[in-house]
Each structure stands twice: as C-alpha cells, then as structure tokens.
Peer 1: 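Pasting a structure here, questions to come.
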Amino acid sequence: MNIFRLAGDMTHLASVLVLLLKIHTIKSCAGVSLRTQELYAIVFATRYLDIFTSFVSLYNTFMKLVFLGSSFSIVWYMRYHKAVHRTYDREQDTFRHWFLVLPCLVLALLIHEKFTFLEVLWTFSLYLEAVAILPQLVLLQRTRNIDNLTGQYIFLLGGYRGLYILNWIYRYFTEPHFVHWITWIAGLVQTLLYADFFYYYFLSWKNNKKLQLPA
C-alpha cells in the first residue's frame, strides 16, 4: 500500500466520522441527503460481498466492516431516530435517486472486466458511487446555507477520491500491467462532480465567509 492509498482511506474514514459526529452528537442531519446515504449503503453492500469469500488482510476487512456498518447506521439514524429524523429536510431532498440505480446496473452488465456475479456487482458499485453524490449536491444548491460539518464531510469525500486518483497514477508508473479503465473513468467522473463544490469551498475559506452554493 502506498501513501496515496493510505491517505485516501484515512480521508474517507474521516468523512464518515465527521458525519457520524454531526448525527450522533448534535442529533441533526440538516443539510444531509438521505438519498445519497442510501445510495452509498447500496454501493458498499454490493462492493464488499467478497468479505465472505476472500481474505486480503486485517486492515482490508476492518475497513470494509467500518464502511458497511457506518453507511447503514447513518441511514437508520436519518430514517428512524426520532430526534435526528425531525431535522431531515424531506421537502428539499427530492432527487429521484432510484433512477440512478438501474442505468448503473445495466451499464455494469454491459461493460465489465469479467462476467461473474461478484465482478458485475463490484463494477455496478463503481458506477453507482460515481454518481451517488448527486442528490447531496442538489440538496446543497437548494438550501444554499451549509453548516461547517456538512461542508467538511463533502470536502473530505471529494478529497478521498482525489487521493485515490493519485494512488492510481503512482501505481501505473510503479506496477507493471496496472490498467483498470473502468475504475479510472468512474473515479474521474466522481471527482469532476465535486469540482464546483471545491471551487466555492475554497472561496469561502479564502474570504473567511460561510460556505454557500449558487442556486
């Protein structure tokens, strides 16, 4: 494992911890899209089915369990915890996220590296993760005012993907035959979706102002 992969994993983990901190400590999910969180739960559930069939390392298994457990616990909190659920902005979080699932599944059935059950689901998770942030970004544009923890959560999520791109570049030049076009393209699409958010996040930091996205 290289430094970019480790930094990416730790940044991803930090994003989850920030969101859990907001939900568990403040008892609020204001500004957080349940629809994006449901998509992430599907992403990890389909990606980490191999946890039952293969063992890579304790680190690998631990991270899979963390992301599986945290994604489903966030969905549970937002749906069923009385105090947290009251803060959920259902009227603004209306992106039809299920319309993203079927196209990603069809694309995974058509374009994959190997036509096996686990490989198709893995590919599906890559495609779905690339667009899973869309409901969250739409919600932020509608509400405009973004609290610090929600902004940090989105920033860390985008940062994790950026670090993974550096990881792929490093491995491409240091490992023979390291070519994974599907993973690279899906990751690049996902990173580009954060570009607008990063721009306004940088402006808010530079000008020491509250983060706001244009409507």
Peer 1: Is the shortest heavy-atom distance from the side chain of Ser73 to the side chain of Leu20 under 4.5 Å?
Peer 2: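 Contact flag for Ser73/Leu20 side chains = yes.
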
Peer 1: Going hydrophobic residue to hydrophobic residue with side-chain gaps under 4.5 angstrom, can you get from Leu137 over to Tyr40?
Peer 2: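 Yes, same cluster.
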
Peer 1: Is the backbone N or O of Ala30 less than 3.5 Å from a side-chain atom of Lys22, with the two atoms forming a donor-acceptor pair by type?
Peer 2: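 The answer is yes, because a donor-acceptor pair under 3.5 Å joins these two groups.
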
Peer 1: Is there a donor-acceptor pair closer than 3.5 Å between any side-chain N or O of Ser204 and the backbone N or O of Lys210?
Peer 2: no

Peer 1: Please tell me whether Trp98 and Val75 are part of a single hydrophobic cluster in this structure, the criterion being side-chain heavy atoms less than 4.5 Å apart.
Peer 2: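 Yes: a chain of side-chain contacts under 4.5 Å links Trp98 to Val75.
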
Peer 1: Could you check whether any side-chain heavy atom of Leu157 comes within less than 4.5 Å of a side-chain heavy atom of Gln136, counting everything from C-beta outward?
Peer 2: no

Peer 1: Answer whether the closest heavy-atom distance between the side chains of His85 and Tyr80 falls below 4.5 Å.
Peer 2: no

Peer 1: Could you give the distance from CG (Leu102) to CG (Leu107), rounded to the nearest 0.5 Å?
Peer 2: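 The CG atom of Leu107 is 11.0 Å from CG of Leu102, to the nearest 0.5 Å.
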
Peer 1: Would you say Ile133 and Phe197 make side-chain contact, with heavy atoms under 4.5 Å?
Peer 2: no

Peer 1: Determine whether more than 12 heavy atoms belonging to other residues, nucleotides or ligands lie under 6.0 Å from atom CZ of Phe178.
Peer 2: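 Check passes, neighbour count above 12.
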
Peer 1: Of all heavy-atom pairs between Tyr153 and Ser15, which one has the smallest distance, and what is that distance?
Peer 2: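 For Tyr153 and Ser15, the tightest heavy-atom pair comes out as CD1-O, 3.1 Å.
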
Peer 1: I need the Leu34 CG to Tyr77 OH distance, nearest 0.5 Å.
Peer 2: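 So the CG of Leu34 and the OH of Tyr77 are separated by 15.0 Å.
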
Peer 1: Taking Leu192 as the starting point, is it possible to reach Ile185 by hopping between hydrophobic residues whose side chains are less than 4.5 Å apart?
Peer 2: no

Peer 1: State whether a side-chain donor-acceptor pair under 3.5 Å links Gln92 with Arg142.
Peer 2: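 Their side chains do not contain a donor-acceptor pair, so the 3.5 Å distance test is not met.
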
Peer 1: What I'd like to find out is whether the side chain of Leu39 reaches to under 4.5 Å of the side chain of Val101, using heavy atoms alone.
Peer 2: yes

Peer 1: Are Ile154 and Ile74 connected in the hydrophobic side-chain network, where two residues link if heavy atoms are under 4.5 Å apart?
Peer 2: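 Same cluster.
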
Peer 1: Would you say the side chain of Trp122 lies within less than 4.5 Å of the side chain of Leu118, judging by non-hydrogen atoms?
Peer 2: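 A side-chain contact under 4.5 Å is absent here.
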
Peer 1: Within a reach of under 6.0 Å around NE2 of His180, are more than 12 heavy atoms found that belong to other residues, nucleotides or ligands?
Peer 2: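 Yes, the 6.0 Å shell around NE2 holds more than 12 heavy atoms from other groups.
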
Peer 1: So which atom in Ile42 and which in Phe124 form the shortest heavy-atom distance, rounded to 0.1 Å?
Peer 2: CG2-CE2, 3.8 Å

Peer 1: With rounding to the nearest 0.5 Å, note down the distance linking OG in Ser28 to CG in Asp147.
Peer 2: 7.0 Å

Peer 1: Can you name the ring pair (Phe, Tyr, Trp, His ring centres under 6.0 Å) partners of Phe115, sequence neighbours left out?
Peer 2: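 Scan of Phe115 (ring pair (Phe, Tyr, Trp, His ring centres under 6.0 Å), adjacent residues dropped) gives His112.
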
Peer 1: To check you understand the geometry: which heavy-atom pair defines the closest contact between His97 and Arg35, and what is its length?
Peer 2: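 Heavy atoms only, the tightest pair is CD2-O, 3.3 Å.
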
Peer 1: Quickly, which of Thr36, Asp93, Leu134 forms a side-chain contact (heavy atoms from CB on, under 4.5 Å) with Leu139? Name it, please.
Peer 2: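 Only match with Leu139 under side-chain contact (heavy atoms from CB on, under 4.5 Å): Asp93.
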
Peer 1: Are there over 12 heavy-atom neighbours, none belonging to Leu58, within less than 6.0 Å of that residue's CG?
Peer 2: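 No.
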
Peer 1: What pairs of donor and acceptor atoms, side-chain ones from residues 162-172 against any protein atom, are under 3.5 angstrom apart with sequence neighbours left out?
Peer 2:
from: Tyr164; atom 1: OH; to: Arg5; atom 2: NE; distance (Å): 2.7
from: Tyr164; atom 1: OH; to: Asp9; atom 2: OD1; distance (Å): 2.5
from: Asn167; atom 1: OD1; to: Asn2; atom 2: ND2; distance (Å): 2.7
from: Arg171; atom 1: NE; to: Glu175; atom 2: OE1; distance (Å): 3.3
from: Arg171; atom 1: NE; to: Glu175; atom 2: OE2; distance (Å): 2.9
from: Arg171; atom 1: NH2; to: Glu175; atom 2: OE1; distance (Å): 3.2

Peer 1: Let me confirm one number: the CD-OG1 distance from Glu113 to Thr123, rounded to the nearest 0.5 Å.
Peer 2: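 Answer rounded to 0.5 Å: 6.5 Å.
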
Peer 1: If I take atom CG from residue Leu140 and atom OG1 from residue Thr143, how far apart are they, to the nearest 0.5 angstrom?
Peer 2: 5.5 Å

Peer 1: Counting only heavy atoms not in Trp205, do more than 12 sit closer than 6.0 Å to its CH2 atom?
Peer 2: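 No, not enclosed.
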
Peer 1: At their closest point, which heavy atom of Val18 faces which heavy atom of Leu149, and how far apart are they?
Peer 2: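 Distance-wise, the nearest heavy atoms are CG1-O, 3.4 Å.
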
Peer 1: Would you tabulate the side-chain donor-acceptor contacts of residues 61-68 under 3.5 Å, counting partners in other chains and residues two or more places apart, or write 'none'?
Peer 2:
from: Thr61; atom 1: OG1; to: Ser57; atom 2: O; distance (Å): 3.1
from: Lys64; atom 1: NZ; to: Asp50; atom 2: OD1; distance (Å): 3.0
from: Lys64; atom 1: NZ; to: Asp50; atom 2: OD2; distance (Å): 3.2
from: Lys64; atom 1: NZ; to: Asn60; atom 2: OD1; distance (Å): 3.1

Peer 1: May I ask you to test the Leu188-Trp184 pair for a side-chain heavy-atom distance under 4.5 Å?
Peer 2: no

Peer 1: For the pair Tyr160 and His12, name the ring-plane relationship: parallel under 30°, tilted 30 to 60°, perpendicular over 60°.
Peer 2: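 Geometry flag for His12 against Tyr160: parallel rings.
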
Peer 1: Compare every heavy atom of Phe198 with every heavy atom of Phe155, then report the nearest pair and how far apart it is.
Peer 2: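 Scanning both residues, the minimum pair turns out to be CD1-CE2, 3.2 Å.
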
Peer 1: First locate atom OH of Tyr88, then atom CZ of Arg90, and finally report the distance between them rounded to the nearest 0.5 Å.
Peer 2: 6.0 Å

Peer 1: Do Arg47 side-chain atoms and Ser125 backbone N/O form a donor-acceptor pair below 3.5 Å?
Peer 2: yes

Peer 1: When you group the ILVMFWY residues by side-chain heavy-atom contacts below 4.5 Å and let the links chain together, are Val189 and Leu128 in the same group?
Peer 2: no

Peer 1: Are Val32 and Thr150 packed together at the side-chain level, in the sense that at least one heavy-atom pair is separated by less than 4.5 angstrom?
Peer 2: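 Of all side-chain heavy-atom pairs linking Thr150 with Val32, at least one is under 4.5 Å.
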
Peer 1: Work out which heavy atom in Pro135 is nearest to a heavy atom in Leu100; give both atom names and the distance.
Peer 2: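 So the two residues come closest at CD-CD1, 4.5 Å.
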
